[in-house]
Amino acid sequence: QVQLVESGGGLVQAGGSLRLSCTASGRTFSSYAMGWFRQAPGKEREFVAAVRGSDDSTYYADSVKGRFTISRDNAKNTVYLQMNSLKPEDTAVYYCAAKARPYGLWVITSYDYWGQGTQVTVSS
């Protein structure tokens, strides 16, 4: 069983930056694809960004492309989401997720493990 713990959320002004971290348990961390998803009240959980374990290829939702960067540090069992130029519409609970199969990284139902989430609030 893989356990994921997110951190780094908070309150920030529009145009500001935050860096989210997700630390995972398990000895096979480097082989997992890792993703970030977010959910605002009354809305569906949506894909934000993902990184594949095998080749570190990255994927982004159009809404965050050019502003957010996903990266991983396998030595620390940690994946990061650097968020720049934040907008009020980025306000949501952000979830870290992991999956064993390196396919369909944008598909929420394909992920095997989930963290508890961290709140990001962007004020206007």
Side-chain angles (χ1 to χ4, degrees):
Q1 187 78 19
V2 175
Q3 293 182 321
L4 307 173
V5 180
E6 304 98 332
S7 63
L11 175 64
V12 64
Q13 283 267 303
S17 299
L18 284 174
R19 190 186 195 188
L20 306 183
S21 298
C22 173
T23 299
S25 65
R27 296 186 295 107
T28 59
F29 172 80
S30 62
S31 68
Y32 279 79
M34 302 294 297
W36 287 97
F37 295 79
R38 66 187 183 186
Q39 187 170 24
K43 297 183 178 180
E44 297 285 336
R45 190 172 299 186
E46 65 177 358
F47 169 77
V48 176
V51 57
R52 192 153 58 187
S54 58
D55 60 2
D56 283 355
S57 58
T58 58
Y59 307 85
Y60 297 94
D62 288 342
S63 60
V64 307
K65 194 171 298 181
R67 299 188 298 123
F68 292 9
T69 302
I70 188 170
S71 62
R72 65 192 301 160
D73 185 340
N74 290 336
K76 297 182 178 180
N77 279 10
T78 300
V79 63
Y80 304 95
L81 185 68
Q82 178 66 47
M83 305 186 294
N84 298 327
S85 301
L86 283 161
K87 306 174 180 179
E89 50 262 47
D90 295 318
T91 295
V93 176
Y94 283 70
Y95 296 91
C96 175
K99 62 182 295 184
R101 295 177 62 85
Y103 314 110
L105 273 62
W106 56 92
V107 180
I108 185 171
T109 55
S110 71
Y111 281 77
D112 304 302
Y113 306 102
W114 292 86
Q116 294 300 302
T118 186
Q119 177 71 47
V120 172
T121 303
V122 184
S123 62
S124 59

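Only heavy atoms go into these numbers, but all of them, side chains included; no hydrogens, no water, no symmetry mates.
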Worked verdict on Y32 versus N77 for side-chain contact (heavy atoms from CB on, under 4.5 Å): CA-CA 11 Å; Y32 279 79; N77 279 10; over 6 Å; no
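- Residue Q116 places its CD atom among 12 or fewer non-hydrogen atoms of other residues, nucleotides or ligands, all under 6.0 Å distant.
- Between the K76 side chain and the T23 main chain, no donor and acceptor come within less than 3.5 Å of each other.
- In this structure, the side chains of V48 and L81 come closer than 4.5 Å at one or more pairs of heavy atoms.
- Here the CZ atom belonging to R38 is positioned 8.5 Å from the NZ atom belonging to K43, to the nearest 0.5 angstrom.
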Pair F29-M34, side-chain contact (heavy atoms from CB on, under 4.5 Å): steps then yes or no: CA-CA 9 Å; F29 172 80; M34 302 294 297; 3.8 Å; yes
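- A cation-pi arrangement is present between R45 and Y95 under the rule of less than 6.0 angstrom and at most 45 degrees off the ring axis.
- A92 approaches A40 most closely through the heavy-atom pair CB-N, 3.9 Å.
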side-chain contact (heavy atoms from CB on, under 4.5 Å) between W36 and E6, worked out: CA-CA 10 Å; W36 287 97; E6 304 98 332; 3.9 Å; yes
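- Of the possible donor and acceptor atoms, none in the side chain of T91 sits under 3.5 Å from a partner among the backbone N and O of E89.
- Inter-residue side-chain proximity for Y80 and R19 is flagged as met; some heavy-atom pair is nearer than 4.5 Å.
- When side chains are defined from C-beta on, Y60 counts as touching T69, because their heavy atoms get closer than 4.5 Å.
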side-chain contact (heavy atoms from CB on, under 4.5 Å) evaluation trace for V120 with V93: CA-CA 6 Å; V120 172; V93 176; over 6 Å; no
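- Of all the heavy atoms in G104 and K99, the pair that sits closest is O-NZ, 3.3 Å.
- Looking at T78 and S21, their side chains never bring a donor and an acceptor atom within 3.5 Å of each other.
- Residues satisfying the ring pair (Phe, Tyr, Trp, His ring centres under 6.0 Å) criterion with F37, sequence neighbours excluded, are F47, Y111, W114.
- Under the 4.5 Å side-chain heavy-atom criterion for grouping Ile, Leu, Val, Met, Phe, Trp and Tyr, L105 is connected to V107 within one hydrophobic cluster.
- Listed by chain and residue number, S123 satisfy the side chain to side chain donor-acceptor pair (under 3.5 Å) test with Q13 (two or more places apart in sequence, or in another chain).
- Y94 places no side-chain N or O within donor-acceptor distance of the main-chain N or O of Q39, the cut-off being under 3.5 Å.
- Formation of a donor-acceptor pair under 3.5 Å by the D73 side chain with backbone atoms of V79 is not found in this model.
- Counting only heavy atoms from C-beta outward, the side chains of V12 and T121 never approach each other to under 4.5 Å.
- In this model, a donor atom of one side chain and an acceptor atom of the other lie less than 3.5 Å apart for S57 and R52.
- Within the 4.5 Å cutoff, the side chain of R67 has heavy atoms near those of the D90 side chain.
- The heavy-atom pair separating L4 from C96 by the smallest distance is CD1-O, 3.6 Å.
- Counting heavy atoms from C-beta on, the side chains of M83 and S17 never come closer than 4.5 Å.
- Using modelled atom types, one side-chain atom of T118 and one backbone atom of G9 make a donor-acceptor pair closer than 3.5 Å.
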